[in-house]
Structure formats: structure tokens, C-alpha cells
Amino acid sequence: MSIIQISDLRYQYPASDFQLSINQLSIADSLVAIVGQNGAGKSTLFKLLTGLIQPQKGEININQQNLARLTPEERLRTIGIIFQDPSSQLFNATVEKEVAWSLSQLESDAELIQATIKKALASVGLTKLKDQNPFDLSLPEKKLLTIATVLAINPQIYLFDEPMMSLDWPSQRLVTVLIQHLAQTGHQVIAITHDMDWVAATFPKMVALAAGNVVFEGVPTNFFSCPEPVKKAGLLPPRIMTIAQEVFNDHQVYLTPQDYAEKHLVH
Amino acid sequence: MKAKNINNQDSRFSTWKIHLTVATTTLIPAAVGINYIAKALAEGLKLPLWLGSLGTFLASMLAGPTAGAISGFINNVIYGLTLSPVSTVYAITSIGIGIAVGILFHRGWFQNAKRVFVSAIIIALVSTIISTPLNVIFWGGQTGVAWGDAIFATMIGNHINIWLASFTDEFVLDLLDKFAVAYLAFLIYRQLPQRMINYFKDNQ
Amino acid sequence: MANYQQLSLNHLSFTYQHDRNPVLDDLTVSVPLNRIIGIIGNHHAGKTTLCRVLAGIVPQIISGKLTGDCQIGDQSPVRDWPAYNQQTGFVLQDPHSQLSGLADTVADEIAFDLLNHGVKETDIQQRVTTVAAQLQLTAQLQQSPDSLSGGQLQRLAIATAIVTHPNVLILDDPTSEMDPQGRRDFFNWLKTVTHTTIVIVSNEIDELCETADELWILEKGHLVSHGTPLQVMNHLNPEWQVTTPMVYQLARLMNWPLAIKPTLFPVTLNQLRRCVNVNHSNQ
Amino acid sequence: MDIRNHSLQKTVRLHWYNVIDPVTKLLLALFLTLLSFQLTDLYFEVGLVLISLTLLLLSRLSVATLHAVSFSLFLIATMILIQGLFNSHNTHPLVTILSITLYQEGVLYALNMGTRILIIIFSIGFFMNTTTISENATYLESVGMPYNQVYLLMSVCYILPQIQQNLNKIQFAEKARGINLQRTLIQKLQSLLPIMIPLIIKTFDQSINRSITLQLRGFNSPERTIATPMYHYFKPKFNHYFLVFMIMILIGVKLWQIISNFL
């Protein structure tokens with residue numbers, strides 16, 4: 001379990017008036033969702049968390065170690081990122097080689113590499129497709145493949161950028177289970193998402209951004225209990241709350257239908 | 001049933017009307033873009049190569065010699081207009097490269113690594129034969145690449161004919177460049193999904 | 001037998017040229033015109049291919065083997081292209097490639113179809129402004145299309161598809177890059193469209209149940225279920241691995257069946273409202 | 001067409017060079033280039049350089065032109081060096097620096113070629129700096145060029161920024177997956193593949209999709225409304241005929257010179 005400490009961070013793109021500005025943020029939970037509107041700064045924060053671009057001001061520390069000072073190998077072992085668009089990550093001739101590519105930069109033991117690839121492919125259900133050209137896969141399969149490439153390296157921290165996007169329902173379930181498993185086995189998972197139902201059902205902690213600033217940090221129940229920050233972040237509450245409000249004029253916080261049922265069937 | 005280019009306009013340009021499908025019309029700008037990027041990446045990595053014909057190669061392989069030739073031509077015209085005006089005249093070279101790649105590919109000379117070797121030599125020759133007169137007319141025989149021009153200067157200094165010196169200068173550079181581009185194109189083409197290859201083949 | 005007032009598929013099958021297995025396998029179904037048809041299914045179900053058949057992209061532009069028949073009103077996308085194409089709007093899964101690739105501004109981009117259709121220049125401006133207002137793009141009209149966010153780009157793609165006033169509108173996952181508010185606005189707008197047959201592929205099952213008149217479930221190229229959202233959602237087979245709207249999940253958990261048909265559970269807010277009123281008044 | 005120009009005309013003041021149509025500008029560049037090849041007197045060449053430079057300076061100077069000039073000045077310098085030292089006609093020494101002698105004939109030859117290159121750069125620069133992509137596109141269409149050919153020429157300019165965006169994304173993604181340092185030429189070439197393969201597949205995929213949408217959106221339609229040009233140009237027909245006539249004369253003279261050489 002790692003602790004990410006962000007202090008006094010400023011980042012601005014050249015020729016743009018958008019600025020990401022985070023005074024103090026520590027991410028110490030195993031499952032954290034980052035939410036906000038388009039252009040709120042989520043992706044910029046992710047880019048900074050990969051350590052591949054440096055902020056103009058401030059620093060990011062992971063377990064009290066400055067991210068900027070990690071060697072490329074340490075970085076690969078610490079942080080893995082799964083991008084929104086899987087097509088920009090893939091280039092190898094087969095699914096299997098794709099998973100092997102990053103891994104073989106860290107490991108030299110051929111047997112270990114083989115075993116790891118097998119495991120990674122199995123956990124996303126792509127074993128059968130291991131000899132296929134990655135560009136012949138469907139979009140959800142491509143996305144699962146990019147997850148497998150990171151699973152093979154087994155970093156401490158997983159960054160998922162919009163993992164639910166363009167996935168079908170079975171793949172969404174698979175990824176949810178996978179993320180929960182990672183969190184239970186001592187990894188840290190941070191996910192950018194628009195899907196508030198998913199946040200409400202899956203994430204115990206969340207961070208909301210708006211216009212480059214952190215507007216909320218804490219448990220989802222608190223976030224959704226006051227409509228102001230939700231609106232400020234350009235978001236909608238979980239659908240179950242909308243149903244309760246519109247049908248029963250009930251303005252309490254509910255995260256899932258199960259949550260609603262528990263609170264009501266008791267009486 | 002394939003969508004063919006219908007153009008009923010009474011046009012002054014009809015003399016050079018070439019039958020292009022919509023697929024080829026969108027492939028060519030993409031190929032030109034790839035030429036640009038490949039060239040920029042080669043410069044970024046400080047490679048002693050141009051790589052600026054990678055897109056032209058791929059367009060020829062996917063949609064035939066005409067598509068390749070047009071990609072090459074437009075590439076040099078646009079490049080000439082925006083960055084280096086003199087390179088416009090090398091459009092003729094690019095047309096030659098596009099046609100050569102298209103024919104060689106069609107005849108199966110891009111099937112395996114060994115054959116690509118032969119193809120690269122032929123394409124380099126084509127390119128050199130067309131470029132040398134242009135080099136002589138515009139640059140007194142130089143190519144503008146330092147170490148190629150060093151060879152040129154040495155040969156001229158030893159009273160070797162300017163045409164032969166210019167040819168050597170160009171050929172050495174072209175050989176290296178076309179080897180690199182031909183193998184890159186070969187490796188990349190193998191990776192393209194079958195549906196993509198079929199699409200451009202169908203819509204030629 | 002021919003009914004010119006409906007969209008009908010008759011033993012429709014399709015196999016791509018690069019493929020051996022059919023992507024669509026023996027689809028037969030018919031729906032009256034001017035309805036909203038929602039299509040759901042997991043990957044490799046054939047959703048995108050079905051959209052392509054309905055738009056006439058296959059087999060006209062992408063080749064393959066099509067058998068059976070597809071008829072929309074008095075036209076067939078297979079036999080009556082390009083006349084059919086003139087009356088059809090299509091929104092691709094990837095909004096970036098929906099752009100003409102030759103427009104300086106959003107306004108130019110929307111005008112592209114109208115220019116191609118030979119609409120007079122004076123009419124064009126007015127139609128562009130109207131459509132832009134409908135899709136909340138008025139502020140962006142003079143911006144470059146490259147400067148738009150993913151969600152705005154998707155709205156632009158929709159604008160270019162509807163500016164020609166098509167009879168048939170085919171939308172392949174049109175909200176994937178929109179944020180929650182944008183998505184809600186889009187489906188609200190969709191409800192207001194009239195006199196158009198709309199086919200929409202989406203993962204947004206809640207919104208589909210609210211807006212669609214018909215729901216089709218595709219599974220590995222087969223049409224495994226079709227009917228009203230209420231019927232389809234209440235008769236799911238677990239093998240299809242399809243999710244249900246939250247209204248339905250809640251009603252099942254709370255045991256709030258429909259008053260008129262106690263075997264069915266509601267799938268829209270309005271249905272839920274009605275059965276809850278009945279249940280509450282009974283208790 | 002109304003919507004197209006709306007923004008442009010509001011912001012851009014009408015300059016003298018706006019009343020010259022793009023084709024006239026291009027023909028002028030061609031004419032000046034051919035004339036420079038016809039002339040062998042260095043004074044005349046310098047005169048032409050000044051004329052084309054004046055055209056450029058009276059319009060606008062862009063960074064791209066400056067780049068082109070600086071690149072070619074470097075080449076011209078090496079040309080003077082190589083020709084001055086080794087040209088086969090060298091007989092009269094010009095200067096001697098540290099026992100290296102530059103000869104008059106070679107230097108003159110190189111200067112002559114150098115001026116021609118500058119003329120090309122300046123006159124093309126004048127064309128590029130004073131027209132916009134969409135102006136060229138509308139003009140070409142309005143004078144009867146088939147739309148698909150206009151598209152072919154112009155869409156490159158719109159596609160490049162998109163490819164560049166994709167490139168940045170891909171380079172970042174691959175960097176995040178780790179790319180080893182590359183030293184040898186072969187390694188450097190290999191390191192291009194992780195970038196080029198996704199980029200090329202993505203670019204071609206977008207071409208496929210675009211070719212589909214273009215057909216759906218009526219790209220090939222014969223009833224396309226022809227856009228009206230953006231400005232009222234000054235006697236375009238006359239300019240074209242006049243310049244084409246002059247160009248023909250120059251080519252004719254050149255051909256005659258070549259033929260009479262053989263006779």
C-alpha cells in the first residue's frame with residue numbers, strides 16, 4: 001500500500017490559460033476515483049502522476065520518494081497506466097508479444113516471463129487470442145489487452161483512464177472485479193471516470209476536480225449528500241438518487257439499488 | 001457497385017483528370033502526413049536519413065502505383081510550398097519512387113526480407129537517376145547532406161565528372177535511405193489488419 | 001407482402017470479405033417507421049455491422065456477402081443507393097473521422113453536406129444556425145473543429161448528420177465521449193425528434209429504455225430478442241449477459257411489479273411512478 | 001460563400017495582395033523562376049532577387065520563409081566553397097585565405113545558382129504568405145477544378161495537425177510503457193516502430209472512416225454548390241493568359257537554345 005503526496009503543485013500547458021493547481025492532496029487509499037467534467041484537469045493530473053512530465057512548481061512524492069527522481073525501471077515498477085484509447089499503445093505482432101514487450105525490459109528470465117504473460121492474459125480472459133494481431137481485436141478486447149500489459153509488470157500503483165468507456169457490460173464487470181482484486185492484494189488503484197454509478201458502487205474514496213482545482217476529497221456518500229460540489233464538478237448524482245428524487249421526492253443519499261433496498265426494507 | 005468518382009463538371013482541368021476513388025482520395029493525404037511525420041522523427045533522432053517517403057511507400061503498397069505517385073507528388077508540392085521551395089522540383093523523383101514501389105509490390109517484390117533488399121536497390125537507383133539532373137541544375141550537383149556532399153567535394157576535387165560525382169553523392173544517400181524505408185514499410189505493412197488491406201484493394 | 005410503412009429485415013445475413021463467419025446471421029424483424037430503435041449487445045454481436053447495412057455502407061463501400069433483404073419504407077439501402085443515401089444520416093462510432101477534413105470552422109463543417117446537396121447559399125446559413133442551436137454548438141460555430149472536446153465533437157457529428165433533414169438517422173454509440181450532463185441532454189433532445197426513423201446503438205441501457213420504442217438484442221450475430229423495452233428487459237436470458245436499467249433493478253429488489261401486468265417489472269421512471277402509486281395506495 | 005467568410009472578413013483587412021488571385025501568384029512565381037534560369041548575368045539575377053524580395057516584404061514575412069532562407073543560405077555557402085575550390089572551369093583566382101584559393105569562375109557559378117534559389121523562395125513565399133488554405137480551395141473550385149482534386153491537395157493541410165496530435169498521444173503512451181535508450185542506427189530505426197505502427201494504423205483507419213463518411217455525406221454529388229471566391233480579384237483571366245504567354249516564350253527560347261546547340 002503506497003501513499004501519494006502532492007504538495008503545492010502547479011502545471012500549465014504552453015499557450016493555454018488552463019492551470020492545474022493542487023495545494024495539498026494525499027492519496028492513501030487502495031481504491032480512489034477521480035471525477036470531474038471534461039477539461040477539469042483529470043488527465044493532466046494523470047500525466048503528472050506517471051512522472052513523465054514535470055510540474056512547473058511543486059512535487060509529487062510516492063512513499064516519501066520524489067517521483068521525478070525515479071529511474072525509468074523504478075518508474076515502471078511503481079506506476080502503470082492504462083490509457084483511454086487502447087489503440088495508441090499497441091504495436092506488436094501478436095497479443096502475447098504485446099504483453100511481453102514492457103515486461104522484457106525489466107526481466108530476463110524467459111520462463112518467468114512466459115509464466116507471467118500466461119497469468120496476465122488469463123486474468124483478462126484473452127488466453128485464446130494470444131496469437132492474434134492486436135489490431136484485429138474488438139475495442140473491449142484491445143482495452144483488456146492494455147490492462148494485461150500492465151498486469152504483467154505488476155506495479156504498485158495502477159492508473160486507469162476512463163476504464164469503463166467503450167467496454168461492454170461483461171468486460172465492465174470483469175474490470176471491476178479485477179480492480180477490486182488488485183486493491184485487496186496491496187496495490188493502489190486510481191481511476192478517472194465519468195460513470196457516477198460505478199463510483200458509487202465500487203469506490204470507497206473519491207477526488208473531484210473542477211477547473212484545475214480539487215473541489216472534494218473523501219467518501220462518495222459525503223460528496224453526493226450536498227448538491228453544490230456535484231454541480232460544480234459538472235456531474236450528476238448516481239442514478240438511484242435521481243430515481244428517488246423524481247419518483248418519491250426523497251433527497252437522501254443512496255449509492256446503489258441495494259443500498260436503497262437495505263434502507264427501506266428494514267422498516 | 002463500387003462508388004466511383006462521378007464528376008460531370010465541365011472543367012478546365014479535365015486534361016489531367018485521374019480516376020480516383022474516394023478511398024484513395026482520403027488515403028493520399030494520410031500518406032503525405034505520414035511522410036511528414038517520418039521525416040520529422042528521423043530529424044528528431046538525428047538519423048542520417050530522410051525517411052520522408054515512408055507514406056508514399058505504404059500508399060503504393062495499399063492502393064497501387066498511381067496512389068503512391070500522387071502521394072509523392074503532393075508531398076513535395078506541399079513541402080515545397082510550406083518549408084523548402086526548391087524541393088518542389090523533386091516531386092518528379094517522388095513520382096518515380098511511388099511508381100517503382102507500386103510495380104515492385106504488385107510483382108511480389110515485397111513478400112520477404114530478401115526480396116525487399118533487391119527492391120530497395122532498384123528504388124534507390126530510380127530515385128538517383130531522376131534526382132541527379134535536378135541536383136546539378138539547382139545545386140551544382142550537391143545534395144545538401146553534409147557527408148554525402150563531402151564525397152561529392154572529394155570527387156570533384158579529383159577532377160571526376162560532375163555528373164558522376166553527383167550521382168555517387170545521391171546514390172549513397174538514397175541507398176541507405178531506401179533500405180531503411182523499404183524495411184520499415186515491409187514491417188509495418190505486415191502488421192496492418194487484413195480488413196484495412198482489403199478495403200483499399202477493393203476501392204482502388 | 002411489401003409494407004412501405006415499416007423498417008424490415010428479412011433473413012438478413014452478412015459476411016465480410018476478410019472473414020469466414022457471418023457477422024450477422026439470419027435477422028428477421030420489422031418495426032413501423034418513425035420509431036426509435038435501440039440496439040444493445042456485447043462485442044462481436046454485430047451492432048456496428050447492422051448499422052452499416054442500414055446505412056448501405058455494406059456492401060456498397062465495404063465489400064462482403066449479403067443475403068436476405070433489408071427494406072426501409074419504400075427503399076432498400078442495398079438496391080436504392082444513392083437515392084436512399086440522400087435521405088439518411090449516419091453518425092460513426094469515432095467522431096473524429098466523421099469530419100470532412102476540409103473545414104476551417106464548425107459552421108463550414110455543418111455546411112459541407114448542404115453544399116454537396118446543392119442547397120442555395122442563402123438557405124445554408126439559416127439551416128446551419130438552426131441545427132447548431134439544437135445541439136448547443138452556437139458558441140462554437142466559428143471555432144476550428146480541431147479545438148472541440150470529445151463530447152462537442154460528437155454533437156458536431158450529429159449536427160452534420162441531421163442538417164440534411166434525413167428520414168432515417170443511424171447513430172453508432174453517439175454518446176461515448178460525452179460527460180453525464182451532455183449525455184442526458186442528448187437523450188432529451190432525441191425524444192423531441194419527430195418524423196424520423198432512428199436506429200441507435202448504445203451501452204446506456206437506462207436512457208435507451210426511457211427513449212426507445214423498440215429494443216433489439218444482438219448476440220454473436222443473432223437477433224435474440226426484440227420488442228418494447230418493457231418486454232425485452234423482463235424476458236432476458238442470463239446467457240446474453242445484458243445489464244438492466246436501474247429502475248428495473250430497484251423494482252425487482254423492492255418487489256414493485258406493474259399494476260396492470262404483475263409479472264412484469266417497470267423499466268422507465270414513469271412506469272415506476274405508476275406502480276409505486278398503486279403499491280403505496282394498496283398498503 | 002457566406003458562412004465561410006464570415007469570420008475571416010470581420011478580422012482581416014483587405015490588402016493590396018488580396019485582389020490578386022492565387023493562380024496568378026503561382027504563375028508569377030513560375031515566371032520569375034524561369035526568367036532567372038534564362039538570365040546568366042549576375043546583375044540581372046540580383047535585380048530579380050530584389051523584385052521578389054520586395055513583393056515578399058510588401059506583403060508579410062513568415063517564419064517558414066525565414067527557415068527556408070536560412071537553410072538555403074547554408075547550402076549556398078557550401079556551394080560557393082565547393083565550386084570555388086573545385087569547379088572544372090576555374091582559372092582566375094579570386095581570394096586566397098590560408099593557402100586555400102577560391103576561383104572566380106566557380107564562385108560566380110555558385111552565386112548564379114544561389115540567386116535563382118532565393119528567387120524561388122521569395123516568390124513562393126509571397127504566394128504562401130498572402131493566401132489561406134481555404135481561399136486556395138474555394139478559388140480552385142470556382143475556376144473549375146473538380147472538387148475531389150481540390151480536396152486531395154488541400155486536406156493535407158488539415159490532416160497534419162490531427163496526425164501530430166495523435167503522434168503526441170502515442171509517444172506519451174509508449175514512453176509510459178518504457179522505451180530503452182537507443183544508440184545504434186538499427187536500434188534507433190527499430191525504436192520508430194512502436195510509434196509508427198499505431199500512428200499509421202490509426203491514420204489509415206481514420207482515412208477509411210473518412211472515405212466512408214465523405215460518401216455518405218454526398219462528397220461525389222454532381223449537384224454540389226460551387227463556392228464563390230472570397231475576394232473580387234483584379235482581372236484574373238487577363239493575368240493568367242498574359243503570364244502563361246510569357247512563360248511559353250521563355251520555354252520556347254530555352255528550347256531554341258538547346259536545339260541550336262545541337263545544330
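Reminder, nothing fancy here: chain letters follow the sequence lines and each chain counts from 1.
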- prompt: Quick one: does D/Phe172's side chain get under 4.5 Å of A/Ile53's, heavy atoms only?
  reply: yes
task: Measure the spacing between CG of A/Leu90 and CD1 of D/Ile197 and express it to the nearest 0.5 Å.
output: 11.0 Å
- prompt: Hey, does the side chain of A/Gln89 reach the backbone of D/Ile170 with a donor-acceptor pair shorter than 3.5 angstrom?
  reply: no
- line: By ring pair (Phe, Tyr, Trp, His ring centres under 6.0 Å), A/Tyr158 pairs with (sequence neighbours left out) A/His187
- prompt: Once you round to the nearest 0.5 Å, how far does CZ of A/Phe83 lie from NZ of D/Lys169?
  reply: 10.5 Å
message: Please identify, among D/Asp205, D/Ile201, D/Asn166, D/Leu199, the residue contributing the most non-hydrogen atom pairs under 4.5 Å to chain A.
response: D/Ile201
field: Neighbour count above 12 (heavy atom, 6.0 Å) for D/Tyr17 OH
entry: yes
Contact listing (chain D partner; residues 37-49 of chain A; heavy atom under 4.5 Å): A/Lys47
Flag if over 12 foreign heavy atoms under 6.0 Å of OH, A/Tyr13: yes
query: How about D/Phe234: does its CZ atom have over 12 heavy atoms from other parts shown lying under 6.0 Å from it?
result: no
Which portion of A/Leu76 sits near chain D, non-hydrogen atoms under 4.5 angstrom: side chain
- prompt: Does a sphere of radius 6.0 Å around NZ in A/Lys118 hold more than 12 heavy atoms from other residues, nucleotides or ligands, not counting ones at 6.0 Å or beyond?
  reply: no
field: Nearest non-hydrogen partners of A/Trp101 and D/Pro194, listed with the distance
entry: CZ2-CG, 4.2 Å
- request: Mind listing the closest non-hydrogen atom pair of A/Ser88 and D/Ala173 along with its distance?
  value: O-CB, 3.9 Å
query: Is there a side-chain contact between D/Met196 and A/Phe91 (heavy atoms, below 4.5 Å)?
result: no
- prompt: So with a 6.0 Å cut-off around CD of A/Gln56, is the heavy-atom count from everything else above 12?
  reply: yes
field: Greater than 12 external heavy atoms within 6.0 Å of A/Arg10's CZ
entry: yes
task: Could you name each residue pair satisfying salt bridge (Lys or Arg N to Asp or Glu O under 4.0 Å) that touches residues 89-104 of chain A, not counting sequence neighbours?
output: A/Glu98-D/Arg177
message: Non-hydrogen contacts under 4.5 angstrom with chain D: give the residues of residues 132-155 of chain A involved, or none if there are none.
response: A/Phe135, A/Thr149
